[in-house]
2 protein chains.
Amino acid sequence: MSKVSPVLLDEQLCFSIYSASKKFNHFYQSALAPFGLTYPQYIALLVLWEDAPLTVHQLGDRLELDSGTLTPLLKRLEKQGWVERVRSRTDERQVLIHLTDMAAAKRDEVYTRIGQCQSLLGMSDDEINIMMTELVTVKQQLDDVSNQRKIAKEVDKRI
Amino acid sequence: MSKVSPVLLDEQLCFSIYSASKKFNHFYQSALAPFGLTYPQYIALLVLWEDAPLTVHQLGDRLELDSGTLTPLLKRLEKQGWVERVRSRTDERQVLIHLTDMAAAKRDEVYTRIGQCQSLLGMSDDEINIMMTELVTVKQQLDDVSNQRKIAKEVDKRI
DNA sequence: GGCAATTTAATTGTATACAATACTCTCGAA
DNA sequence: TTCGAGAGTATTGTATACAATTAAATTGCC
């Protein structure tokens, strides 16, 4: 006759994170309005500004996104003039994502804009680092759990 | 001749949160697989289990979602037998979301399942509370900034 | 060298999100 | 009382996400 404890939305870490993620999305959408970029488009450009060209797969590794999401996203970025998608000649399976001259030219403008908008949040580097460290731990736990399940499934298959 | 500081993906709090949110989504999808629920469907049910019936608007306030997202989501929950959407008789504009008997009957089963899966994460209540407190602060900052912009726009209009 | 297994992108189908708009319904003021 | 403003929901259009499948290219193994 054990009583089940209720699950209350306001006590769920997942919902805090889900909600914060949506707010950040909105914040960046609005910060990047002068450039017409969405948040996922922006982080794709961030990675490319660090190290272009990259294959779709490499970009997906950094962003934790697959080709189902990236292919249409990159086509939109291409249409807007930020990137070029070029089929690799050494390996015809791969598509290399290059930055255009416009993207290179606008990089510092975007960096500056982001810096200004982030300063509005009034968070210290310390506060940010503490949260990121905690988030790394949570994400690691989530990965571990899902890997355990995958391994369990794999083991089941082989029996 | 001031140099613009680069914006590196791995140093962005937004990306940590975005990525954690996706992992949580996946974690719950998998935890709730026996019930065929997605994460957003699950949190809608959580709110309804706390306090049904609710109007679409009231549910949206709790979940921070609008009718554009909730209407189709609730139709899917209805099709799967979790809720009933009933046009209010006292105010024909409103639609009341009621839980079905099946939803009431399965509540404790879902609560139990979630409790078991969360325990796999191995996080203490303290750790969770600390993170949630920090997230509240971040979200408040994000709200403040976007409200400031809204007010600024409003002021501009009136000039 | 030849072919099965693997790798890489693209495609398909389903489910969020959300801005903008449309459509009812309600309520309050002239 | 009636009409216009506002509220509540649904719809439309665009952009993610991601599982599952497809298609083409490459690699590995004999």
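Looking at the side chain of A/V95, the nearest of the listed nucleotides C/dT11, C/dT26, C/dA10 is C/dA10. Candidate nucleotides D/dT9, C/dA9, C/dC25 were compared by shortest atom distance to the side chain of B/E92, and C/dC25 ranks first. Set against C/dT8, D/dT26, D/dT9, the side chain of A/Q94 has C/dT8 as its closest nucleotide. Picking from C/dA9, C/dT26, D/dA25 the nucleotide with the shortest atom distance to the side chain of A/R93 gives D/dA25. Among the nucleotides D/dT9, C/dA9, C/dT11, the one closest to the side chain of A/T55 is C/dA9.
Between A/Y111 and A/W49, the angle of the ring planes goes over 60°, which puts this pair in the perpendicular group of the 30/60° scheme.
Residues of residues 10-17 of chain B that place a heavy atom closer than 4.0 Å to DNA chain C do not occur.
Side chain of A/R87 to backbone of A/R93: a donor-acceptor contact under 3.5 angstrom is found. Remark: side-chain polar atoms of B/S146 are paired, donor with acceptor, to backbone N or O of B/D143 under 3.5 angstrom. With A/T100 contributing its side chain and A/A103 its backbone, the two residues share a donor-acceptor pair below 3.5 Å. The main-chain N or O of B/M131 is never found under 3.5 Å from a side-chain atom of A/E134 such that the two would form a donor-acceptor pair.
Here A/S88 lies out of heavy-atom contact (under 4.0 Å) with every strand.
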Under 3.5 Å between N/O atoms: give me all the protein pairs with nucleotides 14-17 of chain C, atom names plus distance.
residue : atom : partner : partner atom : Å
C/dT16  : OP1  : B/T38   : OG1          : 2.5
C/dT16  : OP2  : B/Q41   : NE2          : 2.8
C/dT16  : OP2  : B/R76   : NE           : 2.8
C/dT16  : OP2  : B/R76   : NH2          : 3.2
C/dT16  : O5'  : B/R76   : NH2          : 3.3
C/dA17  : OP2  : A/Y18   : OH           : 2.6

Please tabulate, one pair per line, all N/O donor-acceptor pairs under 3.5 Å involving side-chain atoms of residues 12-21 of chain B, not counting sequence neighbours.
residue : atom : partner : partner atom : Å
B/Q12   : OE1  : A/Q118  : NE2          : 2.8
B/Q12   : NE2  : B/L8    : O            : 3.2
B/S19   : OG   : A/E64   : OE1          : 3.1
B/S19   : OG   : A/K139  : NZ           : 3.3

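In terms of position along DNA chain C, the nucleotide closest to A/Q58 lies nearer the 5' end than the nucleotide closest to the other residue of the pair A/Q58 and A/H26.
For the pair A/R87 and C/dT8, the criterion of a side-chain N or O lying under 4.0 Å from OP1 or OP2 is not met. Distances shown here put a side-chain N or O of B/T71 below 4.0 Å from the OP1 or OP2 atom of D/dA10.
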